[in-house]
> 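One structure coming up, written as structure tokens, with questions to follow.
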There are 2 protein chains.
Amino acid sequence: MVTIHDVAARAGVSPATVSRFLRGQRVRSYEAIQAAIDELGYWPSAAAQSLKSGRTNTIGVVVPDITNPYFAAVVKGMESVTRTEPYRILLANSDESSEQEDDVLADLVRRVDGIILAPATEQDETPLHVRDADVPLVFVDRDLAGGERFDAVLVDNDGGGRQAAEHLLSLGHTRVAAISGTLDTTPGRLRREGFVGTLAKAGVEVPPEYDLVGDFKEHSGYQLTLSLLSLPEPPTAIFAANNLMTLGALKALHDMRIDIPGQISLIGFDDLDTGPLLRPPLTVVDRPMFEQGVLAMRLLLRRLDPGDGGGLASRVVLDTKLIERASTAPPGGHPSPARTRKTRSR
Amino acid sequence: MVTIHDVAARAGVSPATVSRFLRGQRVRSYEAIQAAIDELGYWPSAAAQSLKSGRTNTIGVVVPDITNPYFAAVVKGMESVTRTEPYRILLANSDESSEQEDDVLADLVRRVDGIILAPATEQDETPLHVRDADVPLVFVDRDLAGGERFDAVLVDNDGGGRQAAEHLLSLGHTRVAAISGTLDTTPGRLRREGFVGTLAKAGVEVPPEYDLVGDFKEHSGYQLTLSLLSLPEPPTAIFAANNLMTLGALKALHDMRIDIPGQISLIGFDDLDTGPLLRPPLTVVDRPMFEQGVLAMRLLLRRLDPGDGGGLASRVVLDTKLIERASTAPPGGHPSPARTRKTRSR
DNA sequence: CTCCAAACTGAAATCGATGTCAGTGATGAT
DNA sequence: ATCATCACTGACATCGATTTCAGTTTGGAG
């Protein structure tokens with residue numbers, strides 16, 4: 001490995017001068033130094049720089065599942081911000097598991113300048129360790145019980161649940177089911193509360209057998225939908241708590257040859273690239289994804305700025321938006337007025 | 001920050017002894033040391049360890065686009081391997097651009113022990129710099145002109161193109177179009193060659209106006225499909241070079257109210273989670289995704305193993321597999337025998 | 001030509017952990 | 001009680017870059 005000493009020797013100066021040159025200070029013999037660097041192909045050692053400066057120029061990002069298109073988009077948003085900065089992203093999956101999150105965070109705090117986390121559960125204790133380690137922390141997508149002291153970029157999950165409920169109410173549904181994500185995550189809990197609460201206010205109760213809880217993964221969307229279909233009186237509409245569970249629900253409905261929205265309406269949370277191309281095109285509650293990543297990263301970089309001076313936690317809450325497509329319609333199979341379509345039959 | 005000296009002082013031993021304890025050597029006063037570590041909340045500095053050992057325990061992963069479900073799955077596969085190892089993943093997007101790849105690699109080589117790369121173009125020079133830096137390099141998905149000296153995990157792109165062609169031939173298509181990815185990437189070039197070559201051998205020529213080249217992004221799939229549709233005599237079947245371009249093609253066909261496969265058959269490369277749920281369910285050439293990530297990471301970790309001893313480059317080539325669904329059918333709109341379905345009309 | 005301020009330079013200490021090497025202390029045999 | 005052996009231990013140098021501090025050089029004014 002070629003070090004700053006090698007460059008210094010070749011250029012006939014001291015390492016200190018080379019170091020100054022590298023950092024853009026004015027230096028008498030800059031030509032000789034530049035030449036030596038080029039000829040030797042010198043690059044400063046990141047480890048040595050970190051040790052001296054205490055900064056790693058690395059941001060840790062922990063998400064439950066990078067193959068979830070939502071998190072992929074969020075991470076891409078973060079990456080678009082770091083591209084023009086000296087920072088890089090250290091990525092880890094927690095797989096929706098607090099233990100894995102724990103392990104990975106313990107390791108991450110030693111390697112990064114800051115962390116962006118979508119915590120596996122609200123009751124998570126780990127982030128407090130992160131706090132101990134004095135590593136700035138920003139939450140994205142999900143919050144923490146007592147996490148108000150941290151920066152966060154969230155969406156109005158409660159409002160999103162409400163939008164879904166209002167949409168189904170406006171279509172005239174009264175037998176409405178919710179398949180929720182883990183209730184000890186903020187999105188899981190709030191989306192359900194917004195949904196069920198709004199229905200209740202309108203006089204529509206969601207009985208326990210319609211009020212099911214899964215884990216944000218496709219398989220649980222599939223299973224819970226099957227169990228809804230096996231009821232003596234299945235619902236006329238289903239609200240699924242995220243993109244993967246919606247997909248699972250859609251698969252289950254297809255497999256059981258249920259007509260959507262003829263027999264059952266389906267509304268999801270989070271849009272998909274393929275949303276408009278599905279059978280039928282999905283009605284969903286949408287939210288900014290890429291932008292959430294951008295905002296979270298900006299918030300973190302601001303904390304990392306030595307001139308920042310601390311300050312209160314910034315809590316950004318973005319709005320959700322209903323996208324009406326063809327998977328929802330009035331109960332009984334009358335097509336939604338939004339689009340005319342043929343009822344499928346087999 | 002609490003250092004090994006603090007622990008040593010508290011435990012009444014020398015830093016050297018604490019270091020030995022950390023590395024699992026036998027030590028007289030291990031209780032006192034363990035207690036000091038716990039009380040002080042000590043974690044060794046990753047930067048100092050890297051500087052001393054010359055290893056960062058970090059793997060650089062550079063992909064064109066993390067929001068492409070294929071690459072998301074590949075990265076998840078890699079991550080599943082590093083989980084049980086002390087390694088972490090430094091992730092970067094190249095956005096299908098050689099310049100960005102360049103920038104990011106120059107930075108990465110200083111920070112990581114090894115790199116897994118899906119290069120933006122075959123003519124890329126950058127990886128050679130990586131070689132200069134003595135950082136082990138593994139290719140995934142895409143290869144390099146003259147890259148035979150490097151480990152690689154690839155798929156049989158040529159064979160995949162052939163499978164697509166044979167499928168369309170068996171259905172009786174003769175007016176067949178290809179919308180390819182960038183031809184200076186290995187997959188872009190080979191998928192097209194396998195496809196066009198197989199058709200040619202069967203006596204079916206693909207005229208220039210049917211032989212279009214895009215860039216693996218959804219938008220180009222959309223645009224190229226529109227231009228095919230504007231021809232006086234549009235093709236009866238389209239082969240799209242990757243998942244995103246297939247999606248673009250599907251959108252274009254929907255927007256133009258083309259019946260699939262009634263008027264035009266569509267076959268894609270790479271399956272999607274939503275593949276079976278689309279209108280119509282897509283026929284695709286599928287390949288292992290998660291597994292490719294796993295294999296690439298294993299290959300790299302093997303190189304990193306001090307006991308490895310170099311050896312020749314391992315080049316793994318996986319097979320593709322045709323998944324027949326409902327987006328392909330004989331020309332003229334006869335439904336595929338695989339599934340009965342209603343012809344859409346508006 | 002002399003002198004002073006400003007601009008630049010290099011030796012050396014430092015960041016935190018590790019590995020070497022020359023011990024020190026304990027153990028067992030005689 | 002003495003000595004050889006073995007198991008540990010601590011002082012110190014080291015990894016590569018940065019920063020301080022005490023110079024040295026340069027340029028301009030007088």
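Naming: A, B, ... by sequence-line order, numbering from 1 per chain.
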> Would you mind reading off the distance between A/L40 atom CG and D/dG16 atom P, rounded to a whole angstrom?
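Answer to the nearest Å: 14 Å.
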> Within the modelled atom types, does a donor on one side and an acceptor on the other bring the side chain of B/R23 and the base of C/dG19 under 3.5 Å apart?
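When only heavy-atom distances are counted, B/R23 does not reach the base of C/dG19 through any donor-acceptor pair under 3.5 Å.
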> Going by the rule salt bridge (charged side-chain N to carboxylate O under 4.0 Å, His left out), which residues pair with A/R111 if we only count those two or more places apart in sequence or in a different chain?
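Salt bridge (charged side-chain N to carboxylate O under 4.0 Å, His left out) check on A/R111 returns A/D107.
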> With respect to A/I4, which candidate in A/P15, A/S45, A/S14 satisfies the side-chain contact (heavy atoms from CB on, under 4.5 Å) definition?
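One option only clears the test, and that one is A/P15.
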> On the nucleotide C/dT18, are OP1 or OP2 found under 4.0 Å from the side-chain N or O atoms that B/Q49 carries?
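True: B/Q49 side-chain N/O within range (under 4.0 Å) of C/dT18 OP1/OP2.
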> Please state how far atom OH in B/Y42 lies from atom P in C/dG16, giving the value in whole angstrom units.
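Distance, rounded to whole Å: 10 Å.
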> Does A/T17 put a side-chain nitrogen or oxygen below 4.0 Å from OP1 or OP2 of C/dG10?
yes
> How close or far is atom P of C/dG10 from atom CD1 of A/I4, stated in whole angstroms?
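Between P of C/dG10 and CD1 of A/I4: 12 Å.
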> For the base of D/dG10, is there a side-chain donor-acceptor partner from B/R20 under 3.5 Å away?
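Counting by modelled atom types and ignoring angles, a donor-acceptor contact under 3.5 Å is found here.
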> According to a strict under-4.0 Å criterion, is B/S45 in side-chain N/O contact with OP1 or OP2 of C/dG16?
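So the side-chain polar atoms of B/S45 never come under 4.0 Å of the phosphate oxygens OP1 or OP2 of C/dG16.
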> List every contact pair, protein side and nucleotides 12-15 of chain C side both N or O, where the distance is under 3.5 Å.
residue : atom : partner : partner atom : Å
C/dT14  : O2   : A/K52   : NZ           : 2.6

> Check for a donor-acceptor pair, side chain of B/E96 on one end and backbone N or O of B/D65 on the other, with a separation under 3.5 Å.
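Side chain of B/E96 to backbone of B/D65: no pair is present.
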> So what does B/V13 touch, heavy atoms closer than 4.0 Å: a base, only the sugar-phosphate, or nothing?
sugar-phosphate
> Quickly work out the A/Q25 CD to C/dG10 P distance and round it to whole Å.
13 Å
> How close or far is atom C1' of D/dC8 from atom CZ of B/R28, stated in whole angstroms?
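For the pair B/R28 CZ and D/dC8 C1', the rounded distance is 4 Å.
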> Check whether the side chains of B/R55 and B/Y87 place a donor and an acceptor atom closer than 3.5 Å, and report yes or no.
yes
> Check the distance between D/dT9's P and B/R26's CZ and give it to me in whole angstrom.
11 Å
> Taking NE2 from B/H5 and P from D/dC12, how many angstroms apart are they, rounded to a whole number?
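One finds 12 Å between P of D/dC12 and NE2 of B/H5, rounded.
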> For B/V18, which contact category applies under a 4.0 Å heavy-atom criterion: base, sugar-phosphate, or nothing?
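Nothing, no nucleic acid heavy atom in range.
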> Would you say A/N242's side chain and A/F216's backbone share a donor-acceptor pair under 3.5 angstrom?
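Side chain of A/N242 to backbone of A/F216, a donor-acceptor pair under 3.5 Å: yes, one is there.
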> Round to a whole Å and report the spacing from CZ of B/F21 to C1' of D/dG10.
18 Å
> Using modelled atom types and a 3.5 Å cut-off, is there a donor and acceptor pairing between side-chain atoms of B/R142 and backbone atoms of B/P119?
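Here the side-chain-to-backbone pair exists.
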> Of all heavy-atom pairs between A/M297 and A/T82, which one has the smallest distance, and what is that distance?
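Distance-wise, the nearest heavy atoms are CE-CG2, 3.5 Å.
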